[in-house]
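Here is the structure we will look at, set down as structure tokens.
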Amino acid sequence: MTRIRTTPMTKDAYDLFHSGTLAFARAERMGLRIDVTYCLEQQKKLTAKIVHLKDKVTHSKFGQHWKRVYGAKYNFNSDYQIAHLLYDVKKIKPIKKTNGQRGSTDEEALSALGIPELNLVIKVRKLIKVRDTYLGAYVREQVNGVVHPSFNLHLVGTFRSSSDSPNFQNIPKRDEEARRITRSAIFPRKGCQFAGMDFSGIEVCMACIYTEDPQLIQDTTQGDMHRDMAIELYMLDSLDKHHAGEKNLRQGGKNGFVFPEFYGDYYGNCAPNLLKWAAKAYLKDGTPALAHLEKKGLVKLNRAGGVQNSAKFITHVKKIEDYFWNVRYKKYTQWKNRSWKNYQKKGYVDMFTGFRCSGLMNKKEVTNYPFQGTAFHCLLKVFIEVDKLAYSKDWNSFPVFQVHDDMTVDTHPTEFDMVGKEMHRIATEELSQQWTWINIPLKVEMEKGEVDQSLFEKKFYVLP
DNA sequence: GGAACTCGCCAC
DNA sequence: AAACGTGGCGAGTTCC
């Protein structure tokens, strides 16, 4: 939902967004080069693949049934038709429902049915997404081979930013194929290269600063809370995150528990996800993680090695959740309760950066907004300072886009090292000198593209 | 024939 | 007691 609030802001907050708007305007004017020929070629290739896969489905028994039901209206891309075919005609019981209480046809729901044609539907959806949402948008939006994505500061309830035309804040990163195809279309100016900077875990850093929770500060600055929680959740003696089989357990702790819990999720949703991560993992001695959990008495497996009964595991995750919020991060929980009470009394919640969120909010929103907004303001401040330097010092390097906690600069090779050093200095030193409420060190990772190479080639590197 | 809605899916 | 925070966008469908 898009929520727009007109709220009182301090002078500092106003100034930050005023400068931010000017810096974004310059980034937008600069824009990014698109290889249009490449985009059109890739779109053609994707279309060929899509047609091939669609034909395969159409000619299958499944597809013929579908066609009989819909006749001339048969449409491969229609989720309505898929839902009707599966859940009404074939009378399959949906594993989950949509918000509108209809049977879901998302990836999870379709893949759970084990029908090969539905896996092709999923594959086609991904290809269409890459072809139309990304490559299509680049071709449509480019002017003389350059796109000028907009970065908005007036649309988001948390005082973060958004991006459109085209949206440069959701370019595929996780899926390797989608990442390659989309990112290989985007280039710096001719003869130039990308320089990037990324704050590490900045929302958690903001949580440390707001809540002053000593354990959270300890874990964020020195420890590894994802590993610690994985050890608790999966009842391990130790966890080596560099081991191929065990690293998935840490990922499970991180993406299946710690992050969702911070956003307000609960054990009932976390437990099944934790088991999905476990299914991909094994211990150093070769034991599959699920077999390990069975040995610990937390799950019962069926003959195929899948989870048959997870009731004990769910109870276990509930216990860990209780430990997480009421023992380990007790002060964090107390802060959340205080903050919620304060909002109920006053009707707003304030950020260190001078922004005020008001309007009707629930407890999760009240406690998440300050972290989310303030984290973005850190990046925005760095973006503004780098932009200021670029223009006042007459650099041949310019910030061109940002994604909430990371930013990318189109640099001339003779300036690349200098720009990286400046970005690093501003983010890790100058920022906390100007904003004295930042009382823990903020860590960043640096990224480097190659001369005349696309965004796909941008990789982490260590500052010389 | 366009506006509004739903669903699915990409990012942090 | 209930149970995931913030966005943009494309396609299909339904409403008017």
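Order of the sequence lines sets the chain letters (A, B, ...), proteins ahead of strands, with each chain counted from 1. Every heavy atom of this structure was used, including side-chain atoms; hydrogens, water molecules and symmetry mates were not.
- A salt bridge links A:Lys276 with A:Glu108; the closest basic N to acidic carboxylate O contact falls under 4.0 Å.
- In this structure, the nucleotide among C:dC4, C:dT6, B:dC10 sitting nearest to the side chain of A:Asn170 is B:dC10.
- Counting any heavy atom pair closer than 4.0 Å across all strands shown, A:Glu261 reaches no nucleic acid atom.
- You'll find that the side chain of A:Gln372 is closest to C:dG5, out of C:dG5, B:dG8, C:dG12.
- Side-chain contact, A:Asp406 with A:Gln402: no donor N or O sits under 3.5 Å from an acceptor N or O.
- At least one side-chain nitrogen or oxygen of A:Ser104 sits closer than 4.0 Å to the OP1 or OP2 atom of B:dG8.
- Rounded to a whole angstrom, the distance from the P atom of C:dA3 to that of B:dC10 is 25 Å.
- For A:Asn273, taking side-chain heavy atoms from C-beta onward, the closest of the listed nucleotides C:dT6, C:dC4, C:dA3 is C:dC4.
- Closest to the side chain of A:Pro260, from the set B:dA11, C:dC4, B:dC12, is C:dC4.
- Using a 4.0 Å heavy-atom criterion, one finds that A:Arg140 contacts the sugar-phosphate atoms exclusively.
- One finds a side-chain N or O of A:Thr105 lying less than 4.0 angstrom from the OP1 or OP2 phosphate oxygen of B:dG8.
- In summary, the aromatic rings of A:Phe355 and A:His377 are positioned with their centroids under 6.0 Å apart.
- Checking C:dC9, C:dG5, B:dA11 against every side-chain atom of A:Tyr369, the shortest atom distance belongs to C:dG5.
- Contact between the side-chain N/O atoms of A:Asn77 and the OP1/OP2 oxygens of C:dA11 is not found at any separation under 4.0 Å.
- If you measure from atom CG of A:Asn75 to atom P of C:dG12, you get 5 Å, rounded to the nearest angstrom.
- Here C:dG8 is the nucleotide among C:dG8, C:dG5, C:dT13 with the atom lying nearest to any side-chain atom of A:Asp164.
- Distances shown here put every side-chain N or O of A:Thr133 at or beyond 4.0 Å from the OP1 or OP2 atom of C:dC9.
- Using a 4.0 Å heavy-atom criterion, one finds that A:Thr367 contacts no nucleic acid atom at all.
- The separation between A:Lys364 atom NZ and C:dC4 atom P is 5 Å, rounded to whole Å.
- To the nearest angstrom, P of C:dG5 lies 13 Å from OH of A:Tyr266.
- Among the atoms of the strands shown, none is found under 4.0 Å from any heavy atom of A:Ile128.
- A salt bridge links A:Asp228 with A:Arg328: at least one charged nitrogen is closer than 4.0 Å to a carboxylate oxygen.
- Distances shorter than 4.0 Å separate none of the side-chain N or O atoms of A:Ser161 from OP1 or OP2 on C:dG7.
- Using a 4.0 Å cut-off, some side-chain N or O of A:Ser162 falls inside it from OP1 or OP2 of C:dG8.
- Here A:Arg102 does not reach the OP1 or OP2 of C:dT13: none of its side-chain N or O atoms lies under 4.0 Å away.
- One finds a side-chain N or O of A:Lys173 lying less than 4.0 angstrom from the OP1 or OP2 phosphate oxygen of B:dC12.
- Proximity of the aromatic rings of A:Phe24 and A:Phe383 is defined here by a centroid distance below 6.0 angstrom, and this criterion is met.
- Between the CG atom of A:Asp265 and the P atom of C:dA2 there is a distance of 15 Å, rounded to whole Å.
- Among the heavy atoms of the strands, none lies under 4.0 Å from A:Gly268.
- Between A:Gln81 atom CD and B:dG8 atom P the separation is 15 Å, expressed in whole Å.
- Residue A:Asp79 contributes atom CG, which lies 10 Å from atom P of B:dC7 at whole-angstrom precision.
- Evaluation of atom-type donor-acceptor distances gives no pair under 3.5 Å for the side chain of A:Lys129 against the base of B:dC10.
- Between A:Glu422 and A:Arg425 there is a salt bridge, since a side-chain N of the basic residue sits under 4.0 Å from a carboxylate O of the acidic one.
- Counting to the nearest Å, the C1' atom of C:dT6 and the NE2 atom of A:His154 are 16 Å from each other.
- For the pair A:Arg125 and B:dG8, the criterion of a side-chain N or O lying under 4.0 Å from OP1 or OP2 is not met.
- The interatomic distance linking A:Tyr134 (OH) with B:dC10 (C1') rounds to 3 Å, in whole Å.
- Taking 4.5 Å as the limit, some side-chain heavy atom of A:Ile122 sits within range of a side-chain heavy atom of A:Ser111.
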